[in-house]
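Notes for the one structure printed next.
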2 protein chains.
Amino acid sequence: MAETTRRNHPYSGVIAKLKQAGLRPTRQRIALAKLLFENEDRHVSAEDLHEEARAASVSVSLATIYNTLHQFSELGLMREVVVEAGRSYFDTNTDDHHHFFHEHSGQLEDIPSDQINVAEMPSAPPGTSVSRVDVIVRVSGSAD
Amino acid sequence: MAETTRRNHPYSGVIAKLKQAGLRPTRQRIALAKLLFENEDRHVSAEDLHEEARAASVSVSLATIYNTLHQFSELGLMREVVVEAGRSYFDTNTDDHHHFFHEHSGQLEDIPSDQINVAEMPSAPPGTSVSRVDVIVRVSGSAD
DNA sequence: TTCTCATTTTAGAATTGTTCTAATCCATTG
DNA sequence: CAATGGATTAGAACAATTCTAAAATGAGAA
Ligand SMILES: [Mn+2]
Ligand SMILES: [Mn+2]
Ligand SMILES: [Zn+2]
Ligand SMILES: [Zn+2]
């Protein structure tokens, strides 16, 4: 169905997604959503996406890139991942999963949640509740 | 022995530590090492430590705070922990352990490694080796 | 001791990633 | 269409960190 829809009306996939999330399908949001969601799952920084938009001749300001990434994240369409001080990554994979972080390249790689198992978690400190558990496996090239 | 040494020569503890690490025991490094290592394990940001030094009437520039935290980390005297984009924390606990991150206060709290168990780790991607595994349990106050 | 020199520290400028502002633009609705 | 509230934007502002190059200082030699 998503297939058919996409073939007949090239934009309706992301437009529907945006509307469902309660966001106006503006030119910029549609273009960014296409870049983000009509490909494989990705991990992008704001600059990455800005550059990618430019490369695709989509004119969007950096402020809008940030606005959009934050809105998409708040609405659960994607999520923010922090691995390096001073730079945020945004992840289009919203499934429960973890990450390899390649220290030399700065790339993130998914670890599906069934390939890792965090057991014997201590209980959350009094008065708090767990909002998320992140496992980051930092790897470096063997040549390093 | 550390006890006796410390009683007789108040600075020799950290001085020895610095020398052993191959660092000249300068006034600034001695003062910062005392603040960092002669108390319980801590998680500090550069600004935190700068402020703490000022409070203790130790005159140290912010540049030196950064230099020192990085040197100490590179030499294995402490380690850097990244939980929020845009701010680094430095951890005086060099044991293998993980963290609760209190989202409301920005505080880190240790989880001893025997209280958590990361099992069934996938093997590192070809050509890489694991340099570290970080588990961050993000918690928010139940009132949030 | 004093001298010497490499190491360290420093103030302030520069850089980086991100957020803010307030003017303009545009999607939606009637 | 016209009205209007939300969205976008350029550029300024901001916060954390790094850089620079000049001044200070620790440590060993004389
Ligand atoms: Mn990047
Ligand atoms: Mn702090
Ligand atoms: Zn991911
Ligand atoms: Zn810790």
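Each chain gets a letter, A, B and so on, in the order its sequence line appears, and its residues count up from 1.
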Q | B/Ile30 CD1 - D/dT25 P separation (whole Å) | A | 14 Å
**Q.** Nearest-angstrom distance from the residue atom CG of A/Leu23 to C1' of D/dT8
**A.** 14 Å
Q. Under the 3.5 angstrom rule, does the side chain of A/Asn93 hit a backbone N or O of A/Asp95 as a donor-acceptor pair?
A. yes
Q.
Could you check whether A/Glu103 and B/Ser131, counting side-chain N and O atoms only, form a donor-acceptor pair closer than 3.5 Å?
A. yes
Q. Between the two end axes of the helix from C/dT1-D/dA30 to C/dG30-D/dC1, each built from 5 base pairs, what angle do you get to the nearest 10°?
A. 20°
Q | Co-membership, hydrophobic cluster, residues A/Val139 and A/Leu108, 4.5 Å side-chain | A | no
Q: Find the distance B/Asn67:CG to D/dC19:P and express it as a whole number of Å.
A: 10 Å
(Q) What does the B/S/- profile of nucleotides 11-29 of chain C look like, 5' to 3', with a 4.0 Å heavy-atom cutoff to protein? (A) B-----SBBB------BS-
**Q.** B/Leu69 CG to C/dT9 P, straight-line distance once rounded to whole Å
**A.** 12 Å
**Q.** Whole-Å gap separating P (D/dT18) and CD (A/Glu84)
**A.** 12 Å
(Q) Between A/His98 and A/Asp134, do the side chains contain a donor N or O and an acceptor N or O under 3.5 Å apart? (A) no
Q) Rounded to whole angstroms, how far apart are CG on A/Leu18 and C1' on D/dG6? A) 14 Å
Q: Would you mind reading off the distance between B/His50 atom NE2 and D/dA16 atom C1', rounded to a whole angstrom?
A: 14 Å
Q | Interatomic distance where CG belongs to B/Leu49 and P belongs to D/dA16 [whole Å] | A | 15 Å
Q: Determine whether B/Phe72 and B/Leu23 make a side-chain contact, defined as any pair of heavy atoms from C-beta on separated by less than 4.5 Å.
A: yes
Q. When you check the side-chain N and O atoms of A/His43 and A/Asp110, is any donor under 3.5 Å from an acceptor?
A. yes
Q: Verify the distance criterion only: is there a donor paired with an acceptor across the side chains of B/Glu80 and B/Ser73 at less than 3.5 Å?
A: no
Q. Linking I/L/V/M/F/W/Y whenever their side-chain heavy atoms sit closer than 4.5 Å, directly or via other members, would A/Ile111 and A/Val135 fall into one cluster?
A. yes
Q | side-chain hydrogen bond (donor to acceptor under 3.5 Å, both in side chains) against B/Arg27, all qualifying residues, sequence neighbours excluded | A | none
